[in-house]
Every structure is written in C-alpha cells, then in structure tokens.
Amino acid sequence: MKKNIWINLGFQAGAFLLALLITTLILIFAGAPPLKAYGSILSGAFGSQKNLIAVLISWSPLLLTTAGVLITFAAGLWNIGIEGQMTLGAIFATWGLRLFQDTNVSPALIIAIGLLFGMAGGALWAALAGALKTFGGVNEIFGGLGLNFVATALTIYLVFGPWKRPGVGSMSGTKPFDEKLWLSTLPGTALSPWGIGLSILAVIVVFILLRGTYFGLKLKAVGKNMRSAFMLGVPTWQYSMFAFLLCGAFAGLAGAIQVEAVYHRLLPNISNGYGFLGLLVAMLINYQAIWVIPIAFFFAALNVGSIQLQIVHKMDSSFAGVLQDLLVLLILLGQGARERLLKKA
Amino acid sequence: MKVELRNIHKRFGKVHASNDIALTIPAGTIQGILGENGAGKSTLMKILSGFIQADSGEILLDDRQVSIKSPADAIQLGIGMLHQDPLDFPPMRLVDNFLLGHAGGLFPNHKEVAWDIQKLNAQFGFALDPEAYVDSLTVGERQQLEILRLLWLGARVLILDEPTTGISASQKTKLFETLRKLAEQGKTIIFVSHKLEDVDVLCHKVAVLTAGKLMGEMNPPFDQKKLVELMFGKEISLGERYSAAAEGATLTLRDLAVEDARLQLSNVNLELRAGEVVGLAGMEGSGQGLFIRACCGLLRPVHGKVTLNHLDLTGKSYHVYKQNGATFLPASRMEEGLVPGLTLTEHFILAEETQGVFINQERGLVLAEERIRSFNIRGTPTSVVESLSGGNQQRALLALLRTPLSLILLEHPTRGLDIESAIYIWGKLKERCKQGSSIVFASSDLEELLQYSDRVIVFYSGKSTPPLDARSLTAGKLGELIGGAGWDEWETEQSA
Amino acid sequence: MRKLFPRLAALALALMLVLSACGQAPAATEAPAAAPAATEAAPSEPFVFGVILIGARNDKGYSQAHYEAGLYVEQKIPGAKMLYLENVFSGSPSYPGQTTSQLASQLVDQGAKLIVFNSDDMKDEALKFAKENPNIYVIGASDDWTWKDGKTYTPSPNQIDIMGRMEYGKMMAGCAAALTSKTGKIGYLGPLINDETRRLAASAYLGAKHCWTEMLGKDASELQFKVTWIGFWFNIPGVTADPTQVADDFYNSGYDVVISGIDTTENIVEAKKMHDAGKEVWALPYDFKDNCNVAPDVCLGVPYFNWGPAYLATMKTAIDGTWQEGFQWNGPDWADINNPDTSAVGFVKGDALSAENSAKIDEFIAKLAGGLDLWTGPINLQDGTNYIADGKAATDAEVWYLPQLLEGMEGQSVPSN
Ligand SMILES: Nc1ncnc2c1ncn2[C@@H]1O[C@H](COP(=O)(O)OP(=O)(O)OP(=O)(O)O)[C@@H](O)[C@H]1O
Ligand SMILES: [Mg+2]
C-alpha cells in the first residue's frame, strides 16, 4: 500500500516534469525565453496582492465545479452538462435578483435568494440530464452536451430579449445590478469572501460525503457496479439522480457567484469553461477530493499568471489553456502507464 | 508441448501466492491442479499465461527458456487460458470474437474464419454458429467457444481454471471428451479443479498446492483420501444429512407464471416451510433462474401470487422483498453481488442496515474482522474484492447475508469453493435454517442437491416438477429428469 | 473493458481541448516587431502604455486599427512602449473570471502609465478602473463619460474619451453604395444595437439617400436600406448570428451592396465569393484602412478610423503633465481626409468603384467639406415621429444618442421585446 503511494507520486511527478519539458520546448519555439516566461507566470499569479486576488477569484468557481463532478464521477457519471448547469445557475440567480430588486426586501436577503435560485437552477438542469438518462436512456454525455447548447441559447434569448439593457441589444450582457445587490467583496476587488467560503465549504462537504458517510459509500457502489449495488439494497437510480442534483446545485452556485460577485450581470459564456476545467481537475487528481483545493488553486494560478505571457512575451492568449490541457493529458497518460506497469509487477 | 516451471515465486504484499513452484508437464499430458481456496492455483496459471508476471523463476517450453510478458506473448508461444470468472463478453458475433484476438492481417476475412469455425466444430462435435452473438450463448457454449478460439490461435497448451462449475453433466462429458482428444494430439492440458471425481476420471497426473507451495504430485490410480489429506492436512467427510424444516410457511407461490424472452414457466406452486431447504435442479437456463428471480421480485410474474411471511408481495420490487427478510445471491458474483473496487469492510457496511448519516468506521472494522474470521476469508478488511481468490470471493459473498433472514435465495452457493469450505459453508447455512430461515438454491452439483435439500424441484426447458422429497431421489433418477427423461407422470397431471 | 470507456473519453476530451486551443495558437508566432529604432533613442524614462483590445490585434478591423495607432505612437514618441491584451470581451474564454479592470491592472504591473480601453463593451470597466487607479491615465475609446453634454456625464479627472466622427465615413460609404447599386437594395451588416451603431447605420443611410436622390435624381422610395444585426462586434460562434450567413442572405436576396458595421471582414469575403461565381455584387468593409486589399475586385471603398493622431496628442499631454479630462469627437481633416497625421476619420476608395462614381464621391466629399450637413431636418425616426425639425441642424447630442433608426430604413431599432 505504502509503496503504491510512492509509485503514484513518482508517476505524477514524472508526468508533470514531462509536461514542463514540452511546455519549455513550445516556449522556445514561440521565441520566449523559458525561464523568464515561467518567472512571468509566477509573478503574474503571486507577484502582487491584486494578482493573488485574481487567482482566488478564478479559484472559487473551479472549486465548486470540481467538487460537483467528484460527486457525479463517484456515481460513475460523466456530467458533461456541468457547463449548462452553471449557466442555468447564473440565469436563475439573475432571475431571483430581478424579481426582488425593485421591492423593499432587504438587499442581503435578495442576495441570498439569488444564490439559492442559482443552486435550484443548476440542480434543475442537472435533474433534466439525470431524467434523460434514467427514464429516457439517453447517455448523460450526449444529454449534457445538448442541454449545454440549450442553456447558451436561453442566455442569448434573455440577454437580447426580455432582459436586454434598455435601448441596447448586445452580447455584452444585461444591465449591471445596483451595487447594493453585489455580493460583498473585499474592498477594491471582485473577491467575495462569501464566494470563497461557500466554495471551500462545498469541497469539505464533498470530502466528508465521499469519505465517511453511507451516502458516499452507496454512491461509490452505484458508480462501480450498478447491478451489485442494487442487489445490496441501494436504490440505484435515485442515487444517480441525487448525484446529478448535488453536482448541479454546486455548479449553479458557481454561476450565481459569477453573477453576484464578478460580473454583476448575466452574459453569454458566463460559465467560462469552468465546468470542463473542473472535469479535467477531477481526472487529474484521480478523483481524490483531498487534492481539489491545491490543484484547483494551481490551475487558477496558471489561468491568471499566464496572462503575463501575452503581455510580456507577446504570446497568444490561449497559451494557458494549451498548458493546462497538456498537463492533464500527460498525467492521465502517466496514470494509464502506471496501471499497466503495476498490473504486471 | 512440454511445460516446465522452475522456482516460481510470486508475492502479493504479505501473501506468498507462489512459493518456489517447480513442476514439469510432458507433452500430451492432462495435468490436474488441486488445492484449497487461495492456495495459489489461479495465480500460477496466470503466470504461465502471461496475465501476471512472476517475481522470479523460469518457464521452459520444450526445454527452451521463454519470457512471457503478456497474454499475447503467451498465445504466440502457444499457451491459452480459460478463466475461472469468464471475462466480459461483449455483444458481438462469434467470428468477430475470433478476429478480435487475432494478431495478423489488416483485412480480416470473415468467410474464411467462419469456415475455420465450422471445421473445428466438426472436429470436436460442437454446434457453434459463427454468426450467432456471443452473449446469447450458455456458459457451457462460451467455454466451447473459448477452447475453439484458443486452438484456432494455435494454442498447444490449454489451461482451464475450474471449468466444470456451472455446466451440465452432459456438457461436462463433452468437454472431457474434447480434452482427451486434444491430449492425444500431443497438446498439453492443465486442469484446475476442486472436484476430485473430475480429476479422477480425466487427469494423467495431479499436483496439489497448499498456501502457495507445491505439496506433492500423484499418478493414477489416485487415492482420494490421500489427495484430501495433501490439500487440507486432514481427512474430510460430509456431515450427516439432516432437516431443520419446521411448521409454518415462509414463502408461498400460487399458480405462478413467469417468462423472459427465451422461456416461459407456468403453474408453479410451492409452500416453503420455515427452515426448509429446496434445491433447484436442471441444466443451465432451464427455468431455475426465472423461478428464483420470481421469488424475490426481480421478475414480475405474469400470473399468480407470491406471499412472503403471509404478506402478499406479488409485483413488488426486490427492495421490498429485501425489507421483508429475503435476499438473493446470484451466480455471477462479480457482476451482481460484489462491487469491484470496494473493500471487504465497505461491502459488509453496505450489506448491513444503514445507521444514521456517518459510518462508524471502527464498528465497520470490527464487523469485517468478525466476518472474515467466521467465513474463513483469506484477505484483510482493506482487501478489495477483486484481489481475493475465486473461492474467497464466494465466501465474501455468503458473508454478506444479514441476520436474521427469513428467505435466502442462492445460485450455485458453493461455486469455486474447495471441499472443506463447501461443507463448512453448508454448515453455516443449515445453522440459519435452525434459526428459521428457509433456503432455495440452484445447483448443477447433484450430490450437493441430494445432500442438503429437503425437497428438490427439477427444471427442463421451462417445465418444472412439483417439489420432490429429496430422500426419495437418487443421483441417477435426478440425472434422468435433468436430461428430460421420465417426465410423463407430471405431463399428464399438468394437462389434466 | 468497462474501465476503458471513461479513460478513452477522458483522453478524447483532453485532446479536443488541446486541439481547439492549438487552433488559435499560431497567431502567437507572428508578433510583429515593435519599432526598435525608436527605443534606441530612449530618454531617461520610457513611456509605457497599455492597450486593451476587444478583438485580435490582426482582425483587419477595429482592433487592428487601435493596435496600429499604438505602433504609430511608439514611432512618434521616442522610447514609448506599448503593451497589449487581445480578445478582451465580456465572458471571453481567454480570461475566465477576469474582469477587464483586473486585466488592466496586470498591464499596470508591467509598467503601463496609461491604459486604452478600446471598446464600448468595456465602458463600465474603464470608468471603474479610472476611479480605482487615480494615478493611471485612461483613454476610453468610443465612451462618453467625460462629455459635459453627454447623458451620463461623470467627472473622471484621469480619463479622456475619444471618438472619431465616423458619421462622415459612413455617409461616404452609403453614397458609394447608392451610386453603384443596380437593384437599389443596400444591406447593412450591423453589430450589436446601441446609440453608436444606430447613428452610424443612420449616417450610412443619409449618405445613400442623398446621393440616390441628389446625384442620381432617383426617387427616395425606390431605395431600400436594410440593417441586420448580429449581436456583437464580431462573430462568436454559437452566441452571435453568423455574419457570413447574414452577408450571404443579403446577396442572395437582391441586395447587391453590403456595408459592414462590424469589426471583421465577412461582408467583403462573401462578396468576393459571389463575384467569383459570376454575381454582380459589391462590399464596403469598415474600420481599417487597408481592408479593400482583402478583395479589390468587389471593394467600393472603406471608411476607417485613424486613432493615431488623437492618441499621440493625448499621450503627450500625459507625459508633459498637461492632461485635461474631457471628451473628443474628432472629425476628418477636410484638407486631406486620408492624412495619417491629422485626420481622425478617412475613406479609401476601392478599385471596384467606377471612374464616374469615383468622381461623384469626390464631389460629395467636397460638399461635406464645404459644410453640407446631412443631419439637418426634417429627419423622422423609424416610427414616423419627427426627430429633427425642418431646417434645423441636429446637435451633437442628438446625433450621438439617436434613439431609433430613421424613417426609410428597415431593421430593428432597439432589440425586440
Ligand atoms: N491481485 C491480487 N492482489 C492481492 N492478492 C492477490 C491478488 N491475486 C491473488 N491474490 C492472493 O493470492 C492468493 C492466491 O490466490 P489464487 O487466486 O491464486 O488462489 P486459488 O488457488 O486460485 O484459489 P480459488 O480456489 O479460491 O480460486 C490469495 O490469498 C489471494 O488473496
Ligand atoms: Mg482460483
């Protein structure tokens, strides 16, 4: 057992080094001095308090989506629909705020209502994917992809239609909410302690759920072998459904936080790829909840830090994405190789 | 081909699964491998067939040292293996299944392969349709398919890991014929089994493993008593047969009719008494499966009534039956019983009543240790089930039974268990009967049926006998019924 | 077997993402060298400024015009250095979770003393950033915060808002379209809908109507002018309408000239395809002065922004400390509307413009230079209400904040409800 952990870590480190090597080659090829480039990434992520805060802002939704997909992965489900679930969270949060913004309900309460609406929206969208799978026999990957499209279309309809800015028809989004409806942020930043707090809480909840509860154990049984789980008395489809709902609620919360703390409005693309990135992070950490916090942080730092590559080294803005994907790909390949080797050993 | 193993060692953590094994098998020999559960039989066979690698030791084929790193290497060298738990069979045609494992040729020639299958069919008297789908085959047919496939791929050494569980007597006869024919052609057969009588009629030579070590070899005539002593270090005998049946019905079936895509079963009646054991006999797929699933809500009857503990549960789901004290352990233990990837402890926790939200890990551990001890499972609380030997998986499955239970439904309960464990497990089950549980079990082992049942129901292509008193039955009579002879008595009765 | 699928799916997913990212990557390698000659003569402290571009710096459109203005400044001010960020728009996948003002801060970290926010999409963020960073100068291109006569006037001492009077350029484009069109049907490929885009589309219409009636002597009712909006400044697949599709639809339904109002060149690209297939069609691209080169055969001309002079002047005031908050709405240099050092707005005629029409355009430009104001009443809004009374010239504010399209134009005035 002990030995395995070390072998694991060795492979992970090896894959990481390989990714670093390839990245370095790409950097050289693109004409950026690699050491300086890495330096820029580091200082871009941690060089100033502002940058660190930008990292934290990016970290929060990633924590939520990763926590969410850990649940669905545990249940053996590929919740590709998480992007749409996050989008629906944003839409519902916007809806909640709009419903109450002109009433004399206290702003704090409206903000809370927005977050709850967001969670409900995400859960609803996930429930649709779940229902399609359970009752319609539609694989959750295809169902999720379809629902993602519908979610985007719905946002566009709302932004250009019923919720448009007066006199304006632009993809830029709806009219920003009044400042009193913003989730309170650290002064002078878009960082919401509430957002961060809730995201970390979500990770902790998932960690505990998967580790020490009957719910988590039954979920894992469903994920690993649905038929055996059923024979052991686990109500299997209900558990799959519940996994969807929980994941959707987390994703919805992430969407709501984007609306209430970051953009203060609804705009297309508000999910920003956080859902897919969450799937990648979950795969990267081999579905171990304990690693979510540091690895999601690493990815957020990479997101923010690599902006410097464009500013300082005139590299393309998509470089961070390439780097992330490369890392995930190699580490997954490493995991595959390790499994094969261990099986033989 | 002559096979020689020298100083083979293999460890899994603390377990020394192969401990300095040295064994020579001349070409044309049928070599028997015996040993208790967890002795290391499958491990040794997997080493020879490339599924795992030995830590140290040598393998020689026809006196040439070889290195086998994968099943592909093994088949290249002419070694093929039929597994204890058959691997997944995807829904594909036989020809495609053949082509899948075939190394050469970018453009497979279906016609040619189908023709090859027909030729092999003729040679061994099989009737496999090359265009049929693999998942529609019975266990016995799948075995035939695997043998043909391996031969087609050029196997000259054939390893069979417990091939006689789950196939009928006639299928077994056919299998043995085939194996003898192959041996005559100079092929080497390695035959792993727990059934002494099979080894007795088939093998030219037997090796006995115990706890990873080769304890000894024996040539015919085999002294069964001595073999048992080699395996277990002591004599083993069946206990007295007895009945714990008491008054009062646990389960009643009234005019039950069930069906699936292939088979219909109708007019089934049973009054199962508390503590009673009813055995279900018949060839694989003759209706026992339908019957047993109808008893616990996994199949909805088309007609009739099911009562459990005086509650009408007709049409209710399996989970309702479970809440009312019924449990079913199916034959395919890795697909419908155990959850690969979860540990023994996790299994026992899952099988017990949920208590609150959080799992009491300590209690789980105590529970696991207690079950592991009382079911004599070779493994630790943190062992994942797929790391257990076949027999130990079966014990783990049986250890999942909750207490108390009023109805225990089992398919092949002692499948893969060594003689000692089988006796031990039945002892435990009979104990349950004394406490009032009723048992219905399906088995292909006539002796098991006769030894442990109070009554037996025989199935033949969707027909069933009424429950017959086991004491009035003999192995001969039972064999006849299973084969479809001697049914007139009930045919007239049923049509009347 | 069972385990294989998720693993494969994971790989496929990762590969997909890698490939999709790589698809955009090559642009990175062709970074043009920033005028090195100027840096040699650098004074003690070089002036660093940041430009935040809504699109790509090589989009052959709005963003490239700004990028080249930055290069122009680098050339003119010894030692000046431009930093830039591309593709910065709401919800841009390049910067997940990063607000534009955060990105601007990153440029400041690299030494920028002045930030250009190049689009109306960044309007709110520009003002927010200016407020939070009083020591950094801000240029809000196309914004109106610091316009005293503006509807949303907000004092912001470190901010200057700059816009070119593209109305003139659009009138010239409209005129060229009207002179050339054989069907009398002109299409306008509109971006999103707001004050700016309404007034520019309307200006193109006014130019077209003027030349149609005054120069060709035809009846105004025979001129069809239709606006179709895509929803943003450029194509965002899956989010906006596809401009290629919109252009095709125009050409296929009898509109033989399409004027572009968006940042990119779909209209001229499609016109070229139609032309090569034997159709008689023309296009007027937008924003960037060299855009007729995309397809000279079909190009009637291009109205473009020349941000360089205004940027240069403004940045000089930032360097020498004479910075004055305020709003500039800069017109063409009527002496030479294509003078790179003086004219904020220009119009380059295209090869497809006939000699006769070319002369007429020159005549039209001369009239504008001479004081012709097409924004003189009577001007009615699309819903028929009178907007500018007969004989009265519209004020700047009336032009800037045009609430609807004009009578005689087809297309949405405000987004549908
Ligand atoms: N992958 C594995 N990981 C850990 N232990 C293993 C693994 N495979 C086998 N073992 C252990 O090695 C020992 C020998 O197992 P093996 O499967 O060879 O037994 P066997 O003789 O085939 O038993 P059975 O009759 O029950 O099939 C057992 O104690 C088993 O738990
Ligand atoms: Mg075995």
Side-chain angles (χ1 to χ4, degrees), chain A residues 29-31 44 47-48 50-51 54 57-58 61 78 141 149 152 156 160-162 164 166-173 176 188 190 258 262-263 267-270 272-274 276-277 279-280 283 303-304 307-308 310-312 314-322 325-326 328-329 332-333 336, chain C residues 6-7 9-11 13-15 17-18 20-29 31 50 83-99 101-103 105-107 109-110 120-121 124 132 191-195 229 231-233 236 238-240 403 412 414-417:
Chain A
F29 187 70
S48 71
K50 258 188 210 151
N51 294 359
I57 291 171
S58 192
W78 275 78
I141 294 179
F149 278 114
T152 307
I156 293 168
F160 285 98
K164 66 166 193 285
V168 175
S170 166
M171 221 264 330
S172 302
Q258 295 298 96
V262 181
Y263 297 113
L267 47 95
N269 266 340
I270 196 158
N272 246 320
Y274 280 119
F276 290 142
L277 195 55
L279 287 166
L280 291 185
M283 285 189 269
N303 255 348
V304 174
I307 293 169
Q308 292 295 321
Q310 194 193 157
I311 300 175
V312 181
K314 319 241 162 186
M315 297 198 53
D316 196 83
S317 55
S318 56
F319 186 76
V322 176
D325 299 337
L326 193 66
V328 173
L329 191 67
L332 287 178
L333 285 174
Chain C
R7 212 155 271 294
L11 281 183
L13 184 73
L15 259 178
L17 292 170
V18 169
S20 65
C22 284
Q24 314 167 355
T29 49
L83 304 172
Y84 63 85
L85 282 170
E86 314 175 80
N87 298 319
V88 181
F89 56 92
S90 314
S92 165
S94 298
Y95 311 99
Q98 304 287 303
T99 58
S101 56
Q102 277 171 23
L103 292 173
S105 299
Q106 297 247 16
L107 293 174
D109 286 352
Q110 292 301 321
D120 98 297
D121 188 54
D124 302 320
E132 286 168 5
L192 48 86
I193 312 175
N194 66 9
D195 295 331
W229 310 100
F232 201 59
W233 296 107
I236 302 175
V239 174
T240 60
Q412 275 180 301
V414 280
S416 62
N417 248 324

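Chain A is the first sequence line, chain B the second, and so forth, proteins listed ahead of strands; every chain is numbered from 1. Note that these values count all heavy atoms, side chains included, but never hydrogens, waters or copies made by symmetry.
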Let me confirm one number: the CG-OH distance from A/N303 to C/Y95, rounded to the nearest 0.5 Å.
11.5 Å
Can you give me the closest heavy-atom contact between A/S170 and C/L192, atom names plus distance?
OG-CD2, 3.0 Å
For side-chain contact (heavy atoms from CB on, under 4.5 Å), just list the numbers for A/I57 and C/Q102, CA-CA rounded to whole Å, side-chain angles, deciding distance to a tenth of an Å, and then say yes or no.
CA-CA 11 Å; A/I57 291 171; C/Q102 277 171 23; 3.0 Å; yes
Could you measure the distance from the CZ atom of C/F232 to the OG atom of A/S172? Nearest 0.5 Å is fine.
4.5 Å
Of all heavy-atom pairs between A/Q308 and C/Q106, which one has the smallest distance, and what is that distance?
NE2-OE1, 2.5 Å
Quick check on C/L83 against chain A: is it the side chain, the backbone, both or neither that has a heavy atom closer than 4.5 Å?
side chain
Honestly, the part of A/V304 sitting under 4.5 Å from a heavy atom of chain C is both
Heavy-atom proximity to chain A below 4.5 Å, by part of C/Q110
side chain
Just verifying a value: how many Å separate C/L103 CG and A/Q310 CD, rounded to the nearest 0.5 Å?
9.0 Å
What one should report as the nearest heavy-atom pair of A/F160 and C/G231 is CZ-O, 3.3 Å
C/I236 vs A/P268 side-chain heavy atoms within contact, under 4.5 Å
no
Sort A/P176 into side chain, backbone, both or neither according to what part of it lies under 4.5 angstrom from a heavy atom of chain C.
side chain
Which heavy-atom pair separates A/N272 from C/S92 by the least distance, and what is that distance?
OD1-O, 3.3 Å
For the atom pair CG (C/L107) and CD1 (A/I307), what is the distance rounded to the nearest 0.5 Å?
9.5 Å
So which of C/T240, C/D195, C/D124, C/D120 has the biggest tally of heavy-atom pairs under 4.5 Å with chain A?
C/D124
Between C/Q98 and A/Y263, which heavy-atom pair has the shortest distance, and what is it?
N-OH, 4.4 Å
Residue pair C/D121 / A/M171, side-chain heavy-atom distance below 4.5 Å
no
Using non-hydrogen atoms only, which part of A/I270 is less than 4.5 Å away from chain C: side chain, backbone, both, or neither?
neither
Going through the checks in order, is the side-chain contact (heavy atoms from CB on, under 4.5 Å) test met by A/S48 and C/D109?
CA-CA 8 Å; A/S48 71; C/D109 286 352; 3.6 Å; yes
